[in-house]
Number of protein chains: 2
Amino acid sequence: MGAVETTKMRQRRETAVAAEKVRASLPLGQILAGDCVEAMRTLPDGSVDLVFADPPYNLQLGGDLNRPDGSHVDAVTDHWDQFDSFALYDRFTKDWLTEARRVLKPDGALWVIGSYHNIFRVGAILQDLGFWILNDVVWRKSNPMPNFKGTRFTNAHETLIWASQGEKARYQFNYTAMKTLNDELQMRSDWLLPICGGQERLKHDGHKAHPTQKPESLLYRLLLATTEKGDVVLDPFFGTGTTGAVAKRLGREWIGCEREDFYRDIALERIGKELELDESVLATMQSKKAAPRVAFGALVENGMIPAGSTVFDKKRRWQATVRADGSLVYGKQTGSIHGLGKDLQGAPSCNGWAFWHYEDGGEVKPIDAARQLYLLASED
Amino acid sequence: MGAVETTKMRQRRETAVAAEKVRASLPLGQILAGDCVEAMRTLPDGSVDLVFADPPYNLQLGGDLNRPDGSHVDAVTDHWDQFDSFALYDRFTKDWLTEARRVLKPDGALWVIGSYHNIFRVGAILQDLGFWILNDVVWRKSNPMPNFKGTRFTNAHETLIWASQGEKARYQFNYTAMKTLNDELQMRSDWLLPICGGQERLKHDGHKAHPTQKPESLLYRLLLATTEKGDVVLDPFFGTGTTGAVAKRLGREWIGCEREDFYRDIALERIGKELELDESVLATMQSKKAAPRVAFGALVENGMIPAGSTVFDKKRRWQATVRADGSLVYGKQTGSIHGLGKDLQGAPSCNGWAFWHYEDGGEVKPIDAARQLYLLASED
DNA sequence: ACACAACATGAATCCGGGA
DNA sequence: CTCCCGGATTCATGTTGTG
């Protein structure tokens, strides 16, 4: 059996080998110097699982104007107005998003964070490029800076956009891990997290080393939600390397891009000190989707729910007989646990594992309980 | 002194007379029939103090959606929400925003509400038109619809943009009223409010009269924050007339635009029943504060009880390891703080916050103590 | 009448692996 | 690419029905 390789098996093997070759060529755990668009151009197509980007948005906040490349705009010699500013920012945004899209795997995903100054432009452009928005997520700051002049609402949040490569693309979402992290309730699109301060905030000569260092808790949640262990995370605006530090801690690989020597230096030093969590800790709650599949027939074979026994719905409206092949009979109707449950209820679908029950020592249990027992027993 | 009128005084008097003439020509308390762009064209330049707009979101829904119990979700499938492309939606947006801008007074302001499907496009276009964003405000829904399939984060918020006519324009912001409404704390940019349901939700033949009726509390806060008594509020997408009802209650004037006869009819009936509040009552309306709820996972993200550390019950019968997603491991068994505590004790339920303990500086504390610390720290 | 259970529903881009 | 089909998936509120 092992000697025969079908065409399909060969294709799969070759794909995996090619993917491993691409991965081996990646500058994992490195910060690429220079402009992020140039730096990303050195990476192969479809090679990265996730992009997290915290792009600059300091272009038109009044007062001094800086171009996206950091050079200062001379208001006297440069004819500069708001329209030029937006056009320039849009161009910059389109450039780096295009390159990020190329570098991402087909089933990869993108996160961008921004404020009302830039996030609407970024969101519209990424939609135009074909990205498919999965959620916008609001980072609610538990300790925002107050509005000192009392002229507006306290700007107490920032916005993140999570997007896949397209409408039909698959993407990673660790639903159960998020639900666990949120005390058994679905994780919502509004996240309450403190801003980065205290020991976590990198200092240089007594001052903050970077003006917009993001909290590790934000990256922690985001990476835990949308990557797997071993995934490659790219951050085109690496700054102090929060993405790299948390990626390392969580056993994800990382690549950064950063223009400024100083930030590259402190980021590398910071990440060097970071320890990867033990593998046993990194395991997260598994969804049922990811659990090994058990056919109902296996429980019949096994004798846990023997052929000839009866199963019934919770209200005992229907009582069906189990046949040797794991199908059910109810009068003239037959079908799988799912199909018959669906037909009897006239429902669009039915999870037979939850619908049908059996008696075990006088106690009524859903047949899913038998499956859980079977799974536990077969783990050894 | 009264007999002499300076040039400045005369100019002011003439401006006031002209403004009064414009105001007298406005269709206050009326719903203009037809397309909102056409309807707004009938209004004079610079005549309105505030525009609130709840445009179609262009949801782009796929097929049907069923809840886990099999029931069908009544989605927004109305023709007015269907656009063939982003380009068409952008055109539509630009058209109505342009007309709204013309009708607004120079010191007037605009509010728009949307979701991630449309809000980025709306925000970018209004910036392009010269509007100056003052805040983006997040409406956090206290009772959003869950994500039934477990495929994304629960979409638990919508986004509002508040913008003036330009960077230098003055605008109305009732700072103290907002601070009072928020228990003497500055009002933040994230608002926790329930969705519209119960008695407030307009019904027709037992079904919701409008698929997207907004809660009055949202309009209440928004109008109280950014208009004065007597101001004129225009709503180009009037629907069931929530804007008109709340405007009337708060002593503001209103104008609506609505294409559908049915909506105009029920809106007028609704607003007819509305009573204007006595001014003394307005000052005493109280706020609703967010209930502080902390998930165990937040303490893990935050590092207070880090992944990899151990927790144990008071008698140290069981010692479990904290994993990255906030789940616990004990031998082969895993679960949330509540679930694992329940399983280990064989109890019907368990309050994990009281059951599990951790060491903090040599002292043994229930993990609830860490939660209290977290709450204290995030209150500042 | 009261307590409690059951049911209904909300701006939602809502499945995925294998043939 | 499509089709097939096993089977995973919900929170807060308000209303109606039942004991």
Side-chain angles (χ1 to χ4, degrees), chain A residues 6 8 12 107 127 131-136 163-164 166-171 173 175-176 179 182 184-189 286-291 293-297 315 326 335-339 341-342 347-356 367-368 371, chain B residues 54-78 80-83 113-119 139 141-159 194-201 203 206-208 210-215 237 239 291:
Chain A
T6 63
K8 186 137 206 170
R12 276 202 191 145
D107 292 342
Q127 284 181 314
F131 281 105
W132 188 253
I133 298 180
L134 299 167
N135 277 118
D136 59 336
S164 69
E167 181 175 2
K168 301 294 179 192
R170 310 258 160 100
Y171 53 90
F173 180 56
Y175 174 75
T176 312
K179 193 170 174 177
N182 194 38
E184 300 297 312
L185 283 180
Q186 286 192 341
M187 185 69 81
R188 297 169 40 118
S189 57
Q286 259 203 337
S287 70
K288 279 197 175 174
K289 286 176 193 170
R293 278 162 78 121
V294 176
F296 181 65
K315 294 183 180 169
S336 68
I337 53 171
H338 313 295
K342 180 167 76 82
S349 73
C350 169
N351 180 354
W353 293 107
F355 179 72
W356 296 106
I367 58 176
D368 189 49
R371 177 168 59 161
Chain B
D54 182 11
Y57 288 6
N58 188 23
L59 285 186
Q60 309 171 68
L61 300 178
D64 281 359
L65 178 64
N66 293 304
R67 298 187 179 80
D69 65 7
S71 63
H72 183 254
V73 174
D74 184 14
V76 181
T77 51
D78 305 66
W80 48 255
D81 198 48
Q82 314 288 329
F83 293 81
I113 184 167
S115 66
Y116 66 82
H117 310 85
N118 71 323
I119 198 64
W139 167 28
K141 303 181 183 183
S142 55
N143 48 350
M145 190 189 295
N147 180 297
F148 297 116
K149 305 291 187 194
T151 56
R152 306 179 178 187
F153 300 100
T154 304
N155 191 6
H157 74 274
E158 294 188 21
T159 301
I195 62 176
C196 179
Q199 295 300 316
E200 185 186 324
R201 187 92 192 201
K203 296 278 169 55
H207 297 92
K208 57 187 176 189
H210 191 284
T212 70
Q213 188 180 340
K214 294 291 173 291
F237 307 95

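Please read these numbers as outputs of a predicted model, since none were measured by experiment. The sequence lines fix the lettering, A, B, ..., with proteins before strands; numbering per chain opens at 1. Excluded from the calculations below are hydrogen atoms, water molecules and symmetry mates; all remaining heavy atoms, backbone and side chain alike, are included.
Taking atom NZ of residue K149(B) and atom C1' of nucleotide dA8(D), one finds them 8 Å apart after rounding to whole Å. The distance from atom CG of L134(A) to atom P of dC14(C) is 10 Å, rounded to the nearest whole Å. dA12(C) atom C1' lies 11 Å from atom NE2 of H72(B), rounded to whole Å. Atoms CD1 (I195(B)) and P (dA12(C)) sit 8 Å apart, rounded to a whole Å. Rounded to an integer number of Å, the gap from CD of E200(B) to P of dG10(C) is 14 Å. Rounded to a whole Å, the CG atom of D78(B) is 12 Å from the P atom of dA12(C). As a whole-Å value, the separation of K141(B) NZ from dT13(D) P is 14 Å. Residue F173(A) contributes atom CZ, which lies 14 Å from atom C1' of dA12(C) at whole-angstrom precision.
Among the protein residues, G114(B) comes within range of no part of the nucleic acid, since none of its heavy atoms lies under 4.0 Å from any strand. At the heavy-atom level, R188(A) lies nowhere under 4.0 Å from the strands shown. Using a 4.0 Å heavy-atom distance criterion, N66(B) is classed as making no nucleic acid contact. At a threshold of 4.0 angstrom between heavy atoms, the contacts of P215(B) with the nucleic acid are absent. If you check every strand for non-hydrogen atoms under 4.0 Å, D54(B) touches a base. Using a 4.0 Å heavy-atom criterion, one finds that S115(B) contacts no nucleic acid atom at all. K179(A) comes within contact range of the sugar-phosphate backbone alone, with a heavy-atom separation under 4.0 Å but no base atom that close. If you check every strand for non-hydrogen atoms under 4.0 Å, T154(B) touches nothing.
Mapping G197(B) and C350(A) onto DNA chain D via the closest heavy atom, the residue that lands nearer the 5' end is C350(A). The 5' end of DNA chain D is approached more closely, in terms of each residue's nearest nucleotide, by G150(B) than by the other of G150(B) and N143(B). Taking the nucleotide of DNA chain C with the nearest heavy atom to each of G63(B) and K289(A), the more 5' of the two is matched to G63(B).
With P as the reference atom, dT9(C) and dT9(D) are 25 Å apart, rounded to whole Å. Using atom P as the reference point in both dA11(C) and dA8(D), the two lie 30 Å apart (nearest Å). Taking atom P on both dC5(D) and dC14(C), the two are 23 Å apart, rounded to the nearest angstrom.
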* With pairs defined as Watson-Crick or G-U wobble and both distances under 3.5 angstrom, please note down DNA chain D as a dot-bracket string, | for pairing with another strand. => .|||||....|||||||||
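The closest side-chain donor-acceptor pair between S336(A) and H338(A), if any, does not fall under 3.5 angstrom.
The aromatic rings of F296(A) and W353(A) stand perpendicular to each other, their planes meeting at an angle above 60°, with 30° marking the opposite boundary.
Residue N155(B) places no side-chain N or O under 4.0 Å from the OP1 or OP2 atom of dA12(C). In terms of phosphate contacts, S142(B) brings no side-chain nitrogen or oxygen within less than 4.0 Å of OP1 or OP2 of dA12(D). Checking the phosphate oxygens (OP1, OP2) of dT15(D), a side-chain nitrogen or oxygen of Q199(B) falls inside 4.0 Å. Residue H338(A) places no side-chain N or O under 4.0 Å from the OP1 or OP2 atom of dG6(D). At the phosphate of dG10(C), OP1 or OP2 sits under 4.0 Å from a side-chain N or O atom of K208(B). At the phosphate of dT10(D), OP1 or OP2 sits under 4.0 Å from a side-chain N or O atom of Y175(A).
Closest to the side chain of W353(A), out of dG6(D), dA11(C), dA8(D), is dA8(D). For R170(A), the side-chain atoms get nearest to dG17(C) when compared with the rest of dT13(C), dG17(C), dG10(C). Closest to the side chain of D69(B), out of dA12(C), dT9(C), dT9(D), is dT9(C). The side chain of L61(B) lies closest to dT13(C) when the candidates are dG7(D), dT13(C), dA11(C). Considering only side-chain atoms of N147(B), the nucleotide from dA8(D), dC14(C), dA11(C) that sits closest is dC14(C). Here the side chain of V76(B) is nearest to one of dA11(C), dG6(D), dA12(C), namely dA11(C). With dA11(C), dT10(D), dG6(D) as the choices, the nucleotide that has an atom nearest any side-chain atom of R293(A) turns out to be dG6(D).
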* Would you check, one step at a time, whether the test side-chain contact (heavy atoms from CB on, under 4.5 Å) holds for R152(B) with Y171(A)? => CA-CA 10 Å; R152(B) 306 179 178 187; Y171(A) 53 90; 3.6 Å; yes
* To do: May I have the step-by-step check of side-chain contact (heavy atoms from CB on, under 4.5 Å) for Y57(B) and D81(B), ending in yes or no?
  => CA-CA 6 Å; Y57(B) 288 6; D81(B) 198 48; 4.2 Å; yes
* **side-chain contact (heavy atoms from CB on, under 4.5 Å) between Y175(A) and M187(A), worked out** => CA-CA 8 Å; Y175(A) 174 75; M187(A) 185 69 81; over 6 Å; no
* To do: Could you give me the CA-CA distance, side-chain angles and deciding distance for E158(B) and K141(B), then say whether side-chain contact (heavy atoms from CB on, under 4.5 Å) is met?
  => CA-CA 8 Å; E158(B) 294 188 21; K141(B) 303 181 183 183; 2.8 Å; yes
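Under 3.5 Å, the side chain of R67(B) and the base of dT9(D) form no donor-acceptor pair of N or O atoms.
Where stacking is scored as ring centres under 5.5 Å apart with planes under 30°, F148(B) does not register as stacked on the base of dC14(C).
No more than 12 heavy atoms of other residues, nucleotides or ligands lie within 6.0 Å of NE2 in H207(B), so this atom counts as exposed by the packing criterion.
The OG atom of S71(B) sits 7.0 Å away from the CZ atom of F148(B) when rounded to the nearest 0.5 Å. Considering CD of Q127(A) and OH of Y116(B), their distance stands at 10.0 Å, rounded to 0.5 Å. Going from atom CG of N118(B) over to atom CD of Q60(B) covers 9.5 Å, rounded to the nearest 0.5 Å.
Exactly one residue among L61(B), L65(B), D64(B) makes a side chain to side chain contact (heavy atoms under 4.5 Å, CB included) with V73(B). That residue is L65(B).
Classification of dT13(C) as syn follows from a glycosidic angle within 90° of 0.
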